[in-house]
Visitor: 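Got a structure for you, written out below as structure tokens; questions coming shortly.
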Amino acid sequence: MKNILSIHQLSKRYGRIQAVNQLSLEVIKGQVFGILGPNGSGKTTTLGMVLDLIRPDSGRFQWFGEEPTKENRKRIGAVIETPNFFPYLSAAKNLEIVARIKDLDYSDIDRVLKTTGLYERRNDRFKTFSFGMKQRLAVASALLGNPDILILDEPTNGLDPQGIAQIRRLILQVAAGGITIILASHLLDEVQKICSHVAVLNKGNVLFSGAVNEVLAVSDSIELAAADMIALKAAIESHPSFKSVVEIDGLLLAVFSDVVRPGDINEFLQRRTINLTHLAERKRTLEQHFLELLKETQS
Amino acid sequence: MKLLSIELKKILPYKTFWIIIGLYFLFLALGIIMAEYIVNAMVDDVNRRLPIPLPHAVLFNFPDIWQNLTYFASIRFVLIFPAIIVIILITNEFTNKTVRQNIVNGMSRSEFIFSKLQVVFLLSFLISFILMIVILILGLIHSDSQSLSMILTRFSFVIGFFIQMFTYLIYAFFIAFVLRNTGLAIAIFTLYTIIIEPVVYFFLRAPFMWENKVYTYLPVNAVIRVVEYPSIPALKKLMNFELQDHVSLLACSIPMIYAAVMIAIVYLSFNKRDM
């Protein structure tokens, strides 16, 4: 296992707002690492600090096991917030500037333009591009010279559905090539579709981090009602994989730590001589789940 | 050389750059063409009241032409054009956010500053060089005697002009890095050069007509004073005091000290600030 990025206790304060608070993370080679959090949770500030755009107040970080320098930044491909290019230069000329800074020769430019579907428009000026094309050019620029890691900060922000689909396909295609990726997003769905690992951020703190299927595991809830609600509640609480229960509008909403089917519950309760008047499975959306994760840690 | 080649990639295809450079040389050419006419109109006007008429001014023979052309090329209204170019080239990096991208891609902040200093140096050098060529051509056309020593007597004015141009463009570089906003930086820089400083100069000068020369240390004034007057014999007689006939090292050192301090401030603050 090889560490691509290690962040240790990084902090940044803007006036009264603690944008990033003692944040620590490890990104290992080959991971598609999602940084998930609502707007203002410190994702962009964190990426800004590890890319030398923002000076941290305290803490440190390492790239590829080394202290950060401009030389190891040349091995990183990054798309930060908005696509930043010279409006009066063509796509190809803009990429030539990037290649010169990264000490690459120009031979890779055509490849990344083809990968991102911009080859036909390579001689058109950047300002004539649609937003989706600008964003793809930013990805093309990040892909120049086959970097060891690709950083994408909200890559689908502001794109239309078609643009979103194009960018996601592109990321998956790149990820399939084995490159390590860090993807910052406020869209749970996006992280879940693309990432293998995730850190959930809120107010500058890491709430959870780990493999996506563990951290973002979705447990469904089951709605129940019976004539004797008190007995029902006591019975549910005695279930071996019981997790939590709340009463909403005369219904009990129970959550279990394992997969529990409504039929199993019915059988379990009948053995305790409770006859249900209502039984339904309720699928939670990922978005709801994400919001609940945030709420749990706030209270 | 790598940094300069990156800068050239940014600058050479930029139309605005060529338009402003073109305007600079256009104004300069118009100024040169009209200068002789205007000065002689003044001389004619004065001559009507003088018993012994002053000779007509000749601006373009050696060695006076060195001083005259560098003087016209460095008056406030002309000097402002290259400064605007420098401001636009630097603030563009902030408004397009390309400075962020450059750093992310592996340029250090010091390299970014250094690349802009190279642009300022190159621009000052090229303008001075072109002016030198123009002076040589115009001078050779207008002068009768063409001995080499006669031609090169006041060559120091071109070096003085280069120092004027370089230091003034460093002022522009400073404003651009501090304000980061094209319109604001151009407005404040132009306003300062053309209105604010001359007004301050006027008020400082009036009560201190004697030896105290605080006003000569104002930043833009210090630049202007490197080549303070044109060399026109008729004008010397009119103004009735000794005009400069060489570029003084002291006059050059004042704007150079300003420029050095500004570069230091940009270097220190840019390395600390968030992008």
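Note on naming: letters A, B, ... go to the chains in the order of the sequence lines (proteins, then strands), and numbering restarts at 1 for each one. Heavy-atom basis, side chains included; hydrogens, waters and symmetry copies ignored.
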Visitor: Taking A:Gly48's backbone N and O only, do any of them form a donor-acceptor pair with B:Arg100's side chain (distance below 3.5 Å, no angle check)?
Guide: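 Not a single qualifying donor-acceptor pair exists.
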Visitor: Give a yes or no on whether the backbone of B:Lys10 and the side-chain of A:Tyr88 come within a donor-acceptor separation of less than 3.5 Å.
Guide: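 A pair under 3.5 Å: yes.
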Visitor: If you take all heavy atoms of B:Val104 and A:Leu53, which pair is closest and at what distance?
Guide: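 For B:Val104 versus A:Leu53, the nearest heavy atoms are CG2-CD1, 3.7 Å.
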Visitor: Heavy atoms only: give me the nearest B:Thr98-A:Phe85 pair and the separation to one decimal.
Guide: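 Scanning both residues completely, I find the closest heavy atoms to be CG2-C, 3.6 Å.
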Visitor: Counting heavy-atom pairs closer than 4.5 Å to chain A, which one of B:Met107, B:Glu93, B:Glu111, B:Lys2 comes out on top?
Guide: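 Among B:Met107, B:Glu93, B:Glu111, B:Lys2, the one with the most close pairs to chain A is B:Lys2.
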Visitor: Where is the tightest heavy-atom contact between A:Lys70 and B:Ser108, given as atom of each residue plus distance?
Guide: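 Heavy atoms of A:Lys70 and B:Ser108 come nearest at CD-CB, 3.6 Å.
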Visitor: Does OH belonging to A:Tyr106 count more than 12 external heavy atoms closer than 6.0 Å?
Guide: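 It does: A:Tyr106 OH has more than 12 such atoms within range.
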Visitor: Would you say that more than 12 heavy atoms from the other residues, nucleotides or ligands in this model lie under 6.0 Å from the CG of B:Leu12, or not?
Guide: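 Counting neighbours around CG of B:Leu12, more than 12 heavy atoms of other residues, nucleotides or ligands fall under 6.0 Å, so yes.
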Visitor: Measure A:Leu89 against the heavy atoms of chain B and call it side chain, backbone, both or neither at under 4.5 Å.
Guide: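 Contact with chain B: side chain only.
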Visitor: Just to be sure I understand the criterion: a residue of residues 126-151 of chain A counts if one of its heavy atoms is under 4.5 Å from a heavy atom of chain B. Which ones qualify?
Guide: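 So no residue qualifies.
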Visitor: Quick check: are there more than 12 heavy atoms from other residues, nucleotides or ligands sitting under 6.0 Å from OH of B:Tyr217?
Guide: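 Atom OH in B:Tyr217 is not crowded, with 12 or fewer foreign heavy atoms closer than 6.0 Å.
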Visitor: If you draw a 6.0 Å radius around NZ in B:Lys116, do more than 12 non-hydrogen atoms from other residues or ligands fall strictly inside?
Guide: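 Yes, the 6.0 Å shell around NZ holds more than 12 heavy atoms from other groups.
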Visitor: Could you report the tightest heavy-atom contact between A:Asn84 and B:Gln101, atom names first, then the distance?
Guide: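 Shortest heavy-atom separation between A:Asn84 and B:Gln101 comes out as ND2-OE1, 3.5 Å.
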Visitor: What is the minimum heavy-atom distance between B:Ser5 and A:Arg100, and which atoms define it?
Guide: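 Taking every non-hydrogen atom into account, OG-NH2, 2.7 Å.
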Visitor: Who among A:Thr69, A:Val79, A:Asn94, A:Asp103 has the most heavy-atom pairs with chain B under 4.5 Å?
Guide: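 Maximum pair count with chain B is reached by A:Asp103.
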Visitor: Counting a contact as any heavy-atom pair under 4.5 Å apart, which residues of residues 265-275 of chain B contact chain A?
Guide: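 Within residues 265-275 of chain B, near chain A: B:Asn271, B:Lys272, B:Arg273, B:Asp274, B:Met275.
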Visitor: Quick check on B:Phe27: does its CZ atom have over 12 non-hydrogen neighbours (other residues, nucleotides or ligands) under 6.0 Å away?
Guide: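 Not buried by this count: 12 neighbours or fewer within 6.0 Å.
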Visitor: Can you tell me which of A:Thr82, A:Asn72, A:Leu51 forms the most heavy-atom pairs within a distance under 4.5 Å of chain B?
Guide: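 Most heavy-atom pairs within the cutoff with chain B belong to A:Leu51.
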